[in-house]
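Residue numbers begin at 1 in each chain, while the letters A, B, ... track the order of the sequences. These figures come from a predicted structure and were not determined experimentally.
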Number of protein chains: 2
Amino acid sequence: MAITLSQLAAELGLSTSTVSRAFSHPERLTAETVSRVLAAAQRHAYQPNRFAKALTTGKSMNIGLVVPDIANPFFPPLIKAAQHRARAHGYSVYVADGDENPKEEWNQLTHFAGHVDGVVLCSPRMSTTKLREIPAQDRVILVNREVPNMPCILIDSTVGMHQAVDHLVSLGHHEIAYIGGPARSWANTQRRKAVLERCRHHGLEPALLGPYVSTHEAGVDAARKLGRTAVTAAIAFDDVLAVGLVSGLQEAGLRVPEDLSVVGCDDVITEHTAPPLTSVSGGAATAGRVAVDALLSSFEGGSIGASRTVLPTELVVRRSTGPAR
Amino acid sequence: MAITLSQLAAELGLSTSTVSRAFSHPERLTAETVSRVLAAAQRHAYQPNRFAKALTTGKSMNIGLVVPDIANPFFPPLIKAAQHRARAHGYSVYVADGDENPKEEWNQLTHFAGHVDGVVLCSPRMSTTKLREIPAQDRVILVNREVPNMPCILIDSTVGMHQAVDHLVSLGHHEIAYIGGPARSWANTQRRKAVLERCRHHGLEPALLGPYVSTHEAGVDAARKLGRTAVTAAIAFDDVLAVGLVSGLQEAGLRVPEDLSVVGCDDVITEHTAPPLTSVSGGAATAGRVAVDALLSSFEGGSIGASRTVLPTELVVRRSTGPAR
DNA sequence: CTGAAAGCGCTAACAC
DNA sequence: GTGTTAGCGCTTTCAG
């Protein structure tokens, strides 16, 4: 149906190579030839066949994006940003859902092999050993996971978490709890550590709860545990847990922030909450954008190398935090 | 790097066609030949080149998915389900974000032309005229939008909305409001109508607010309007508005459901709310799955034709609704 | 500056 | 059953 390059060539009485060059190396042709070709292409709404192109050039103009769970509120903004960035450079993005399952994640990844130019692997659930076995290491960029010699984008929650602790302390809180995320999560380790060290900096010893999986229910559950303590403020591993926590507290008749202040992390579902959630904003969207940028620039400049980009975070104060009771 | 079919053939002393047939038409070959080929393929981790395949067969094994906003909580479950379904059939899915912009939506759509076998177009923002101009009408399936002669998947909120009204009436509510969604939304028209007719069925006349865009702020705004009325229960166009509404009410010192009952629609962010939101569950995920199924089956059985699938909805009662005050 | 020809990896007639 | 051959649509030497 669609017109092909050689049909265009035939119509113009030119060779296929000339027409091809009109697009890829116009400078090697007469200006007139180029404009004739372009005009004809326009007229017929000529669209080069991506498969033929990919076959000869070895470039697919596709990038793959693997996330553990598309519906996890952390990822949509990231996917969206990645998609926009890729699109702006003529790339299409495949989105694959790893189903929170290392094996499925691996399947998705290998399924991409050969038909993407690179892949953004977000918060992989697979083991480090497995990560190292991924073919074409130089065409994979990790988000939220660090493995020596693999390029990665990390969101450093440290600063944001420090700000969160400072914020709570300045509101008069002395009994602070950290609601831990998934046991093997890199982000959780980092966030817990940040809370711990900043609390100690203030001469406080935080209560450490968890590990919890990142679900609303887990947050509600944490609220039950918290109800029986002297804690007046809690910092949760992420927004999902934080919102569950708020929910559980309100269920128990406690008010946020009057009875207990709550801080989330990631800043992705803060709009859907009441009260609006104070959260450590990391810019999931930024991560998506930066990851694609790194990939794309590696396509031109060789490999990404062992690049390691750390994205900063900052506390966004809303209304789920207030003075200690 | 990756081994090719002809290299395999050479190694086995077979012709390329034989090796090719070992995969696509094994029944035409000796069982022994087939197993020899398969063994060798296994050994070399042979992966057919998708571009070469697409070029010869004309089948890309790709499907495109266009949504107005990936980060809109309605879509991630849909995308996820679509991706899983497609993957199960060997298809990859491109996800494109239309940015709530008819023009960008069109761009994304045309960008797909030629490298997908079909596309699922969700809640398109473009005009009906424009929709009709989409090339290859028989390879596009609409979700949440009805245009004569174009295949579509519709979520019929009518039943769910009726149940919502019945539920509220049975709780003793007589002053019910409908918080309207975007003016030109097909779903909004349908939902408003359903609420209206069911209220009248009960001899009630609902208050109609809106139109509102689907944002948290709009919901908060609606709460202000509602505060000054006799209304004791509100049904919102969607969960986003409903949650904003709850938020706004609580801000104003009103309790949900004690002072005002709230019902959402779509059932996509109900977990992230306090109290858990009573909502009309439509199964965005189901829509994604069904759309992909329809597309895939059309690839085999010719075109989708003017199929029109209507998905039912039902009320899921949680804790944002209670007896009238 | 432009054309001819080969080939990317695979499939599909058409032979034998 | 299996091999031969001819492309799919494009890019890219290599000539002229």
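In terms of modelled atom types and a separation under 3.5 Å, the side chain of B:R125 and the main chain of B:N101 share no donor-acceptor contact.
The side chain of B:T56 contributes no N or O atom lying less than 4.0 Å from OP1 or OP2 of C:dC10. Within the 4.0 Å cut-off from OP1 or OP2 of C:dT11, at least one side-chain nitrogen or oxygen of B:S20 is found. Between D:dT11 and A:K53, a contact under 4.0 Å exists linking OP1 or OP2 to a side-chain N or O.
Looking at the side chain of B:L14, the nearest of the listed nucleotides D:dG3, D:dC14, C:dG9 is D:dG3.
To the nearest angstrom, C1' of C:dC10 lies 16 Å from NZ of B:K59. Spacing between atom NE2 of B:H25 and atom C1' of C:dT11 amounts to 8 Å, rounded to whole angstrom units. Straight-line distance from the CZ atom of A:F51 to the C1' atom of C:dT11: 16 Å, rounded to whole Å. Here the P atom of nucleotide D:dG9 and the CE atom of A:M61 are 21 Å apart, to the nearest Å. B:L55 has its CG atom 9 Å from the P atom of D:dC10, to the nearest Å. Distance CG (B:L5) to C1' (D:dC8): 16 Å, rounded to an integer number of Å.
B:S17 comes within 4.0 angstrom of a nucleotide base, judged by non-hydrogen atoms across all strands. At a threshold of 4.0 angstrom between heavy atoms, the contacts of A:G13 are confined to the sugar-phosphate backbone, with no base atom among them.
Residue side chain A:R21 reaches the base of C:dG3 through a donor-acceptor N/O pair under 3.5 Å, judged by distance alone.
A donor atom on one side chain and an acceptor atom on the other are found under 3.5 Å apart for A:Q190 and A:D156. Donor-acceptor pairing under 3.5 Å is recorded for the side chains of B:R145 and B:T128. If you check the side chains of A:E11 and A:H44, you find a donor sitting under 3.5 Å from an acceptor. For the residue pair A:Q108 / A:E104, a side-chain donor-acceptor distance below 3.5 Å is found, with atom types taken as modelled.
Within a 6.0 Å sphere centred on CD of A:E27, heavy atoms belonging to other residues, nucleotides or ligands number more than 12.
The salt bridge (charged side-chain N to carboxylate O under 4.0 Å, His left out) check on A:K103 picks up nothing, with sequence neighbours excluded.
Taking a 4.0 Å limit (strictly below) on heavy-atom distances, residues 27-49 of chain A reaches DNA chain C at A:R28, A:L29, A:T30, A:T33.
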